[in-house]
There are 2 protein chains.
Amino acid sequence: MSTASATAAPRAGRPREFNLDAALDRAIVLFSERGYHAASISDLTEAMGVAAGSLYKAFKDKKAIFLASFDRYKQVRMELLEAEIAQGRTGRDKLHRTVAFYAQAAQGEMGRRGCLVIGTASELAINDPDAAERVCRSHARSEARLVELLREGQADGSIRTHIEPLVTAKTLLCLMHGMRVMGKTGLDPGQADKMVGAAMKLLD
Amino acid sequence: MSTASATAAPRAGRPREFNLDAALDRAIVLFSERGYHAASISDLTEAMGVAAGSLYKAFKDKKAIFLASFDRYKQVRMELLEAEIAQGRTGRDKLHRTVAFYAQAAQGEMGRRGCLVIGTASELAINDPDAAERVCRSHARSEARLVELLREGQADGSIRTHIEPLVTAKTLLCLMHGMRVMGKTGLDPGQADKMVGAAMKLLD
DNA sequence: CCTATTCGGAAATGGTCGTTCCCAAATAGG
DNA sequence: CCTATTTGGGAACGACCATTTCCGAATAGG
């Protein structure tokens with residue numbers, strides 16, 4: 001139903017020979033590593049394994065490819081995070097897993113590749129309303145989830161009630177985004193794990 | 001002595017009619033708002049008030065303009081931050097001022113403009129060694145300053161001795177960079193100030 | 001004052017960009 | 001089986017990019 005889910009059967013015509021989501025996954029890597037402007041259509045056709053003509057039949061223009069990549073990136077990462085959160089017992093545990101999830105992503109190859117949300121915020125937010133809106137919605141959802149987990153922790157007794165969920169959620173979100181920024185130039189895995197522990201002080 | 005300090009008197013020839021630092025200040029705004037690739041030479045000549053030919057007499061190429069802008073940005077911001085830190089009494093106070101300095105920068109017009117270091121990390125770090133090195137050095141210096149202030153606080157009794165300066169410094173730096181990321185899409189001033197308070201929990 | 005040197009600025013250049021066009025190939029419906 | 005429709009893919013397109021060139025103007029040294 002969304003941009004890249006189960007392909008609604010076409011009424012007629014030659015069927016598409018490439019998988020849209022698989023192609024977008026490769027576009028995500030390219031856009032994450034180089035940013036929007038430095039990733040040319042040539043680069044995209046090569047990385048996605050799709051000729052320019054075919055690309056423009058699947059997407060209106062380059063920006064549409066980017067926005068579809070962004071949406072898929074968000075969807076995939078969100079599902080992974082929620083699977084991780086689901087394994088947590090208490091609100092505090094779930095928050096710990098959330099921070100650790102970002103710390104993990106900030107390391108190694110994925111860390112150097114960078115977060116597409118942050119890249120979009122940096123490169124496009126100020127000039128492109130469509131990109132800005134998606135970044136805002138991403139931030140809002142992340143913040144809302146953190147607030148929810150904080151309240152859950154306060155309800156189950158794993159987090160004291162005197163902390164302010166909204167401010168703490170915003171602070172945690174900043175910390176997690178900052179880890180992704182640092183990951184672009186390499187983050188020491190050992191230190192990253194310790195930072196997760198330090199971050200949990202915000203819940204005291 | 002550096003890229004854009006006191007202009008060493010030229011031996012002969014027509015003197016430069018524009019001020020290098022003032023022109024770089026305008027380039028900084030452009031690069032911060034649009035990023036490296038989206039800021040064209042046309043944009044730069046217009047913003048800097050210098051024709052293309054003259055620009056290429058002052059700088060080897062576009063990347064040199066960018067790196068000079070980056071260096072000046074770092075210098076200016078660093079001086080402002082150190083002036084702010086100098087007003088602090090204790091180590092804890094100085095750290096509070098440091099976090100507040102970033103929180104302030106993340107708000108309003110400057111927040112939407114973004115941090116050139118973070119923009120460079122996002123857009124160029126993975127593909128351009130020169131840019132990556134500067135980002136790394138910037139992070140290292142920021143971290144070193146935080147470690148220094150933490151140790152100062154531990155020495156003057158404003159910060160307890162059981163915290164680990166290195167991990168705490170890294171965590172604070174992530175938090176401050178995260179605030180700048182959030183500032184690209186707008187950060188509520190009231191909440192930003194509260195986040196500074198929340199961040200200080202990392203020192204307990 | 002004359003010459004070497006540098007700057008200012010507009011025009012020119014080659015390359016690459018995003019996008020479109022075109023035609024052969026592949027499907028669905030009648 | 002024929003037609004309408006869609007895709008694949010390469011060639012073609014105009015626009016804009018970073019950079020260079022060129023020439024008049026402005027300075028310093030001799």
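Bear in mind that the values here come from a model prediction, so they are computed numbers and not experimental data.
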Starting at the 5' end of DNA chain D and moving along, which residue's nearest nucleotide shows up first, A/Gly49 or B/Lys63? A/Gly49

Is a salt bridge present between B/Asp130 and B/Arg134, judged by a nitrogen-to-oxygen distance below 4.0 Å? no

Measure from NE2 on A/His37 to C1' on D/dA15 and round the result to the nearest Å. 15 Å

A/Asn19 atom CG is separated from D/dT7 atom C1', nearest whole Å, by 15 Å

Quick one: pull up CG in B/Leu175 and CG in B/Leu202 and give me the separation to the nearest 0.5 Å. 6.5 Å

Can you tell me the distance, in whole Å, between the CZ atom of B/Arg16 and the C1' atom of C/dT5? 14 Å

Measure from NZ or CZ of B/Lys62 to the centre of the six-membered ring of B/Tyr36 and say whether it is under 6.0 Å with the direction within 45° of the ring axis. yes

Record whether the side chain of B/Arg14 comes under 3.5 Å of the base of D/dT27 through a donor-acceptor pair of N or O atoms. no

Nearest to side-chain heavy atoms of B/Ala51, which nucleotide of C/dG18, D/dT19, C/dG9: C/dG9

Rounded distance (Å) that lies between atom P of D/dA18 and atom CD1 of B/Ile65: 9 Å

May I have the distance from A/Lys62 (atom NZ) to C/dC17 (atom C1'), rounded to whole angstrom? 8 Å

Whole-Å gap separating P (D/dT20) and CG (B/Leu55): 13 Å

Return no unless some side-chain N or O of B/Ser54 is found under 4.0 Å from OP1 or OP2 of C/dC7. no

DNA chain C nearest-nucleotide lookup for A/Asp43 and A/Gly53: closer to the 5′ end is A/Asp43

Less than 4.0 angstrom between a side-chain N/O of A/Tyr56 and OP1 or OP2 of C/dT20, yes or no? no

For D/dT6, does either OP1 or OP2 sit under 4.0 Å from a side-chain N or O belonging to A/Lys57? no

What does B/Ala38 touch in the nucleic acid at a heavy-atom separation under 4.0 angstrom: a base, only the sugar-phosphate, or nothing? nothing

Under a 4.0 Å threshold between the charged nitrogen and the carboxylate oxygen, would A/Arg92 count as salt-bridged to A/Asp156? no

Roughly how many Å is it from NZ in A/Lys60 to C1' in C/dG18, rounded to a whole number? 12 Å

So among A/Tyr73, A/Phe66, A/Phe70, which one has a ring pair (Phe, Tyr, Trp, His ring centres under 6.0 Å) with A/Phe31? A/Phe66

Separation of atom CE in A/Met48 from atom P in C/dG18, rounded to whole Å: 13 Å

